[in-house]
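Reading through the structure tokens given below for one structure.
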Amino acid sequence: APSVGAIATAARATRAQCASVDMSSPSAGARPPLGAPLGRIEHFIDNRWVHASKSLAVVCPHDERVIGAIARGNARDVDAAVRAATRASVGWRRTPGVERARVLRGIARALERRKPALGRLETLDMGKPIEEAAWDIDDVVGCFDYYADRCEAVFGERWYAEEDVRLPDASFTGAVRKEALGVVGLITPWNYPLLMATWKVAPALAAGCAVVLKPSEMASLSCQALGDACVEAGLPPGAFNLVTGLGTEVGAALCAHRGVDKISFTGSLNTGRVIMRECAKDVKPVSLELGGKSALVIFDDVDIDKAVEWALFGCFWTNGQICSATSRVFIHAHIRDKFLARLKEAAEAIPRGDPLVEGCRLGPLVSAGQYKKVMNMINVAKRQGCTLLTGGKRPSSPACARGYYLEPTVFVDPPLDANVWREEIFGPVMCVRTFSSEDEVVALANDSDYALGAAVITDNVDRRRRMTEAFDAGIIWVNCSQPCFPQLPWGGRKRSGFGRDLGVNGMDKYLHQKQIVTYTSDDAFAWYPMFDVKAQSKL
């Protein structure tokens, strides 16, 4: 997710560039030949690339061309990766914090040097606009740097963290020690391919864990760069491993492997349920960051243009494919008509088309399957009589003639039980409802099976505080939507999952705690009378 600085830069750039970029012209969508196929039909295991016998095609969502391939792994590949991680864990977990931090910073610099290539890979692989992809790589680098700093601060010259605890009995001293869990399996989504992987890989390595990463089969290209970056940074063999492939094959094997000490997953609710059931067989700890159906509440004391821009950004950023999207927008009755008129105008003006063209602000959905799913939800909403304000179909411009393109779509006042209102869509689809009172909108905003994010836009400081307290969600935005920083925890509750990425907890969840109690008195404990010297027992 973008930094605030990136958002401000984007807003300025959009106003400057969109006036001169015609995304609908055929030349805007023209591309040079790709050259060599992208991707490696290899897994990264024990610091080397291992050839795979099977592969999966990489399809560009802009024009549906096959542009490369990745390895299709299996349980044997997972076992090899876990065994390598197990061997590496012995030494890596006992590496001093300052040294682990040095390696993390080395990974950050290696990825930073690859920024232009990585941004292009992500755009070709999953369709997000090239400038968004570039900001994502900046955030990848920032996340590795943050956990390098965190690692150094928490562990220092030691390989573990330890804190003395004052006890009520002077005969004992107490301490709490935190050590690496061991080998962790990380399963990540396709909407932020390298960034979501980094949210897990960086803190796990900082904690001293060895990792096996399984990125989404729909967007694995940029994650492959992690292997080479880890080698350049001096990470010991086996501390980072990458196995690509299908979730039903690689992901399932990773969850079932007895050598994996924890699974951390970001993805859909249904897949999260499957992972949780599998991990329960071995009582294996798991953290889940799942879906969302977040609310954005806009009161009548705001600048409408600012509110409209945040509404668009909160729902249509990353082509609408973001778990925290504030896709349920509540607008105060007093400004409803003005807001809807400006929202329609602005949504229809969003530059869309080839995401490799600078100035693009809405690219294609990631795959044919995702496009079909989103279009099905839109068509069901239409049949149910939901009022369509704008969108709901493929753009008419030549640049969007092929690929998985969808216009920014807005429904107004859908029934509260409509699927388009209650279910996560994961596409550029927004629903707007009207409210009149604070109590009413709080009840409506919290009436969801999900509880990932919520946002409020108001100039009233007291109302901001009340709404922040009233929202039932893990992430609260005030006068904005979607900014994210590695220093702050990310996650929700209810069907949005449990556990947190980022922040202090982002590293702590890869540590386990030991309590250490030491008896310091020279006297016998003397619970049993035969050992009570002071009582001079004759037994």
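All figures in this text were calculated on a predicted structure; none of them were measured in a lab.
- Looking at Asp125, its side chain never comes within 3.5 Å of a backbone N or O of Val58 through a donor-acceptor pair.
- Shown here for Val432 and Leu340, the closest heavy-atom pair between the two residues is CG1-CD2, 4.0 Å.
- Contact annotation: the side chain of Ile187 approaches that of Cys255 to within less than 4.5 Å [non-hydrogen atoms, C-beta and beyond].
- Of the possible donor and acceptor atoms, none in the side chain of Asn319 sits under 3.5 Å from a partner among the backbone N and O of Gln321.
- Asp413 has a carboxylate O that lies under 4.0 Å from a charged side-chain N of Arg336, or vice versa, which qualifies the two as a salt bridge.
- Taking the side chain as every heavy atom from C-beta outward, Met276 and Leu288 approach each other to under 4.5 Å.
- Contact check on Glu112 versus Lys115 returns no salt bridge, with no Lys/Arg side-chain nitrogen under 4.0 Å from an Asp/Glu carboxylate oxygen.
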The test is side-chain contact (heavy atoms from CB on, under 4.5 Å); show your working for Leu416 and Leu444 and say whether it passes. CA-CA 9 Å; Leu416 293 176; Leu444 289 169; 3.9 Å; yes
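- Here the side chains of Arg433 and Val329 are not in contact, with every heavy-atom distance at 4.5 Å or above.
- The cationic atom of Arg463 (NZ for Lys, CZ for Arg) lies less than 6.0 Å from the six-membered ring centre of Phe299 and within 45° of the ring axis.
- A heavy-atom distance below 4.5 Å is found between the side chains of Ile67 and Leu124.
- Residues Gly119 and Ala133 come closest through the heavy atom pair O-CB, 3.4 Å.
- Within the 4.5 Å cutoff, side-chain heavy atoms of Val442 are placed close to those of Met467.
- With hydrogens and angles left out, the side-chain atoms of Asn191 and Thr318 include no donor and acceptor closer than 3.5 Å.
- Evaluation of the side-chain hydrogen bond (donor to acceptor under 3.5 Å, both in side chains) rule for Lys344 yields Glu348 as partners, not counting sequence neighbours.
- The pair Lys293-Glu424 does not count as a salt bridge, with every side-chain nitrogen at least 4.0 angstrom from each carboxylate oxygen.
- Residues passing the side-chain contact (heavy atoms from CB on, under 4.5 Å) test with Leu388, sequence neighbours excluded: Lys382, Thr409, Phe411.
- Proximity of Met126 to Lys128: side-chain heavy atoms (C-beta onward) are separated by under 4.5 Å at one or more points.
- A side chain to side chain contact (heavy atoms under 4.5 Å, CB included) with Cys431 is found for exactly one of Val420, Val410, Leu389, Val412, namely Val420.
- Using a 4.5 Å cut-off on side-chain heavy atoms (C-beta onward), Glu289 and Leu452 make contact.
- To the nearest 0.5 Å, atom OG of residue Ser367 and atom NZ of residue Lys373 are 10.0 Å apart.
- Residues Asp63 and Arg402 are not paired through a salt bridge, judged by the lack of any N-O separation under 4.0 Å between the basic side chain and the carboxylate.
- Listed by chain and residue number, nothing satisfies the salt bridge (charged side-chain N to carboxylate O under 4.0 Å, His left out) test with Lys54 (two or more places apart in sequence, or in another chain).
- Applying the salt bridge (charged side-chain N to carboxylate O under 4.0 Å, His left out) rule to pairs touching residues 193-204 yields Lys200-Asp501, sequence neighbours excluded.
- Not a single donor-acceptor pair under 3.5 Å links the side chain of Ser481 to the backbone N or O of Trp477.
- Between the Ser294 side chain and the Gly453 main chain, a donor and an acceptor come within less than 3.5 Å of each other.
- Taking the six-membered ring where the residue is Trp, Phe313 and Trp310 present perpendicular rings, their angle passing 60° and hence far from 30°.
- Ion pairing of Asp417 with Arg422 is absent here, as no side-chain N (NZ or NE/NH1/NH2) approaches a carboxylate O to less than 4.0 Å.
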Applying side-chain contact (heavy atoms from CB on, under 4.5 Å) to Glu217 and Leu246, what does each step give before you reach the verdict? CA-CA 6 Å; Glu217 60 270 23; Leu246 300 174; 4.0 Å; yes
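- What you find for Gly359 and Pro351 is that their closest heavy atoms are O-CB, 3.5 Å.
- In summary, the side chains of Tyr405 and His62 do present a donor paired with an acceptor at a separation below 3.5 Å, with no hydrogens or angles considered.
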CA sep, side-chain torsions, deciding dist, call: Leu290, Phe265, side-chain contact (heavy atoms from CB on, under 4.5 Å): CA-CA 8 Å; Leu290 307 176; Phe265 169 74; 3.6 Å; yes
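- Separating the CD atom in Gln370 from the CD1 atom in Ile425 is a distance of 10.5 Å, to the nearest 0.5 Å.
- Residues Tyr192 and Trp135 place their aromatic rings such that the two centres sit no closer than 6.0 Å.
- Of the inter-residue distances, the one linking Leu118 atom CG with Asp136 atom CG reads 11.0 Å to the nearest 0.5 angstrom.
- Phe339 places none of its side-chain heavy atoms less than 4.5 Å from the side chain of His334.
- Not one N or O on the side chain of Thr188 forms a donor-acceptor pair closer than 3.5 Å with the backbone of Ala197.
- Of all heavy-atom pairs spanning Ala399 and Gly353, the tightest one is CB-CA, 4.4 Å.
- Separating the CG atom in Leu194 from the OG atom in Ser220 is a distance of 11.0 Å, to the nearest 0.5 Å.
- Taking Lys262 as the reference, Leu181, Val184, Pro285, Ser287, Lys509, Tyr510 meet the side-chain contact (heavy atoms from CB on, under 4.5 Å) condition, with sequence neighbours excluded.
- Listed for the Glu309 side chain is no donor-acceptor partner under 3.5 Å among the backbone atoms of Asp305.
- Trp421 contributes atom CH2, which lies 9.0 Å from atom CG of Asp447 (distance to the nearest 0.5 angstrom).
- Checking side-chain atoms of Lys306 against main-chain N and O of Ile457 turns up no donor-acceptor pair under 3.5 Å.
- Remark: Arg361 engages Glu131 in a salt bridge, criterion side-chain N to carboxylate O under 4.0 Å.
- Between Trp199 and Tyr146, the distance from one ring center to the other does not fall under 6.0 angstrom.
- Counting all heavy atoms, side chain and backbone alike, Leu406 lies closest to Leu362 at O-CD2, 3.7 Å.
- With hydrogens and angles ignored, the 3.5 Å screen pairs a side-chain donor or acceptor of Arg328 with a backbone N or O of Ala445.
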Give the C-alpha distance, both sets of side-chain angles, the deciding distance and a yes or no for side-chain contact (heavy atoms from CB on, under 4.5 Å) between Arg495 and Arg273. CA-CA 10 Å; Arg495 290 188 178 182; Arg273 285 170 167 156; 3.5 Å; yes
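- With rounding to the nearest 0.5 angstrom, the CD1 atom of Ile322 is 10.0 Å from the SG atom of Cys315.
- With sequence neighbours excluded, no residue forms a side-chain hydrogen bond (donor to acceptor under 3.5 Å, both in side chains) with Arg500.
- Summarising the geometry of Ser216 relative to Pro189, their closest heavy-atom pair is CB-C, 3.7 Å, with the distance given to 0.1 Å.
- Between Arg466 and Glu438 there is a salt bridge, since at least one side-chain N of the basic residue sits less than 4.0 Å from a carboxylate O of the acidic one.
- Panel note: side chain Tyr147, backbone Gly503; a donor-acceptor pair is recorded below 3.5 Å.
- Of the possible polar contacts, one joining the Gln482 side chain to the Ser324 backbone as a donor-acceptor pair under 3.5 Å is found.
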